[in-house]
There are 2 protein chains.
Amino acid sequence: MAGKRVLVVDDDVKTVELVKLYLNRDGYRVLTANDGLEALRQAREAHPDLIVLDLMLPGMDGLDICRTIREESDVPIIMLTARATDEDKLAGLGLGADDYVTKPFSPRELAARVRAVLRRLPGERGPDEIKHGGITVNFRSHEAFLDGNPISLTPVEFKLLGVMVKEPGRVFNREQLIEEALGYDFEGFNRTIDVHILNLRRKLEPDPSHPRYIRTIYGAGYKFLEAGRDT
Amino acid sequence: MAGKRVLVVDDDVKTVELVKLYLNRDGYRVLTANDGLEALRQAREAHPDLIVLDLMLPGMDGLDICRTIREESDVPIIMLTARATDEDKLAGLGLGADDYVTKPFSPRELAARVRAVLRRLPGERGPDEIKHGGITVNFRSHEAFLDGNPISLTPVEFKLLGVMVKEPGRVFNREQLIEEALGYDFEGFNRTIDVHILNLRRKLEPDPSHPRYIRTIYGAGYKFLEAGRDT
DNA sequence: TCCAAAATTAACAATTTCTTAATATTTGTG
DNA sequence: CACAAATATTAAGAAATTGTTAATTTTGGA
């Protein structure tokens with residue numbers, strides 16, 4: 001993951017610079033363009049891994065740019081717009097935008113969305129079903145099982161488990177879990193995660209006070225234990 | 001790393017001199033400015049590696065300066081301010097400040113933050129796992145192993161070992177270890193590190209009284225022995 | 001709109017870790 | 001070898017983190 005390239009297109013230089021700053025901080029290489037033609041040129045020549053595209057552009061409309069780029073490649077696009085109507089949203093998504101951010105936006109949130117879109121890129125989507133130990137998570141049917149028996153999870157619980165189960169052994173801190181399970185626009189208390197973890201454990205741990213699947217890493221976060229390991 | 005340049009901007013001459021003294025001591029070359037216009041001129045002409053910027057300036061507001069500088073470069077900025085409200089903090093960070101210190105501040109802490117910001121600049125992060133001799137440190141899973149067997153470390157112990165293991169053979173003095181493992185806002189006793197090192201040794205040294213991995217350098221600090229060396 | 005389920009927050013308890021201080025040991029030096 | 005300075009060790013109290021419960025707010029559907 002050595003510095004993916006992100007093309008940021010907006011006619012407002014300040015906006016572009018602000019976004020660039022935040023993306024740089026996340027380790028991305030940032031290309032910029034201030035109008036539609038320049039955006040097209042960059043998209044064709046540099047083949048960025050993702051494009052952040054303002055809907056309102058001088059000369060050529062953002063929707064046209066989006067459509068044109070879409071005809072030439074599958075690069076993910078995050079739309080940026082002042083308008084917030086559902087029609088715009090649908091139009092943008094219909095044209096192949098992967099996400100949608102309305103102005104004024106927090107650069108922090110945009111950066112989170114860029115991370116999210118790029119993260120779910122490689123290999124499109126993972127397998128429909130993942131098994132580890134006695135836990136089975138089926139993303140297609142949105143079901144979870146413990147030793148073959150279905151367990152009923154709330155949406156947040158399902159996402160939490162899903163995120164951790166995809167990378168067994170990896171420690172996720174609360175901020176990471178919030179970003180994945182509660183959404184990057186969540187502004188609340190990060191210990192909310194604790195309660196969801198607690199509820200998850202009650203549903204899937206044989207002995208919730210001695211967790212076998214979801215382990216706490218003191219001072220760091222939580223992780224789903226890789227299968228077979230018991231330490 | 002030959003003397004990075006830091007621009008310090010504050011209308012109070014004493015403050016500037018105090019900060020300059022501490023930064024000089026750390027080996028930085030320090031430029032100074034007492035008002036907004038001078039700050040802008042310096043920023044444009046000298047291209048410093050980092051700017052310490054007071055929020056309250058005569059003539060031009062610090063936020064305006066910050067915004068203007070941001071339009072012209074990606075130089076990291078540490079905000080300095082008497083106000084401490086969350087809105088100010090957000091405004092500053094939204095404008096691209098990299099860190100925030102509220103007055104009155106300890107010059108020691110400011111210097112530490114300058115080091116921290118400059119350190120995380122080259123960015124990215126190292127490998128997920130590092131091995132030396134019988135020691136393995138996995139940053140992804142937040143685990144450490146001795147000859148393949150997991151050893152359970154506290155957060156501070158893990159950070160300490162992690163820092164040293166990344167640069168085997170390098171001596172770290174107590175202040176450096178405190179900055180990395182306890183945080184640059186730590187105000188406590190120097191010798192706290194000794195206890196953590198002791199506890200680390202108990203967990204990972206086959207014979208803690210004859211350390212093989214974490215060696216004491218009398219009068220200097222500690223180092224993680226490079227693999228294969230035994231002296 | 002109203003209800004039920006879910007999510008979030010707040011408060012307090014339980015646990016783990018950190019820090020300090022006091023004492024012992026080791027190291028370097030004249 | 002003796003002395004001073006630096007480091008090691010121990011144990012206890014302080015601080016931080018997490019677990020848990022319960023009350024409140026929000027959400028989504030009938």
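In what follows, chains are A, B, ... by sequence order, proteins preceding strands, each numbered from 1.
In this structure, a donor-acceptor pair under 3.5 Å is absent between the side chains of B:His196 and B:Asn199. Defined by atom type and a distance below 3.5 Å, a donor-acceptor pair is missing between the side-chain atoms of B:Asn138 and B:Glu143. Judged purely by distance below 3.5 Å, without hydrogens or angles, the side chains of A:Ser209 and A:Asp207 pair a donor atom with an acceptor atom.
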List the protein contact pattern of nucleotides 20-30 of chain D with one symbol per nucleotide (5' to 3'): B for base contact, S for sugar-phosphate-only contact, - for none; contact means a heavy-atom distance under 4.0 Å.
-> SB---------
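Across all strands shown, A:Thr216 has heavy atoms under 4.0 Å from sugar-phosphate atoms exclusively, and none from any base. No engagement by B:Phe158 is indicated, since no non-hydrogen atom pair under 4.0 Å with the nucleic acid exists.
Here C:dC18 is the nucleotide among C:dA6, C:dT19, C:dC18 with the atom lying nearest to any side-chain atom of B:Val156.
Taking atom CG on A:Leu182 and atom C1' on C:dA7, their separation rounds to 9 Å, with Å as the unit. Note: CD1 (A:Ile197) to P (C:dA7) measures 13 Å, nearest angstrom. For the pair B:Glu157 CD and C:dC18 C1', the interatomic distance rounds to 10 Å; values are reported in whole Å. Here the P atom of nucleotide D:dT18 and the CZ atom of A:Arg215 are 15 Å apart, to the nearest Å. Rounded to whole Å, the distance from NE2 on B:His142 to C1' on D:dT17 is 13 Å. When rounded to the nearest whole Å, the span between CD1 of A:Ile217 and P of C:dT15 equals 18 Å. Between A:Ile214 atom CD1 and D:dT18 atom C1' there is a gap of 15 Å when expressed in whole angstrom units. In this structure, B:Glu205 atom CD and D:dT9 atom P are separated by 11 Å, rounded to whole Å.
Side-chain nitrogen and oxygen atoms of B:Thr154 include at least one within less than 4.0 Å of the OP1 or OP2 phosphate oxygen of C:dC18. Taking only side-chain nitrogens and oxygens, B:His196 never comes nearer than 4.0 Å to OP1 or OP2 of C:dT17. For the pair A:Thr192 and C:dT9, the criterion of a side-chain N or O lying under 4.0 Å from OP1 or OP2 is met. Checking the phosphate oxygens (OP1, OP2) of D:dG19, a side-chain nitrogen or oxygen of A:Tyr222 falls inside 4.0 Å.
Using a 4.5 Å heavy-atom threshold, the side chains of B:Lys203 and B:Leu153 count as touching. A:Met164 has its side chain within reach of A:Ile214: a pair of non-hydrogen atoms, C-beta onward, lies under 4.5 Å apart.
Looking at every heavy atom in both residues, A:Asp12 comes nearest to A:Asp10 through N-OD1, 2.8 Å. Considering every non-hydrogen atom in both A:Ile130 and A:Pro127, the closest pair reads CG1-CG, 3.9 Å.
Not a single donor-acceptor pair, N or O on each side, falls under 3.5 Å between the base of D:dT18 and the side chain of A:Tyr218.
Remark: A:Glu205 does not engage A:Arg215 in a salt bridge, criterion side-chain N to carboxylate O under 4.0 Å.
In this structure, the helix from C:dT1-D:dA30 to C:dG30-D:dC1 shows an angle of 40° between the axis at its start and the axis at its end, each fitted on 5 base pairs and rounded to 10°.
A cation-pi arrangement, defined by a distance under 6.0 Å to the six-membered ring centre and an angle within 45 degrees of its axis, is present between B:Lys166 and B:Phe139. Judged by the 6.0 Å and 45° rule, B:Arg25 forms a cation-pi pair with B:Tyr22.
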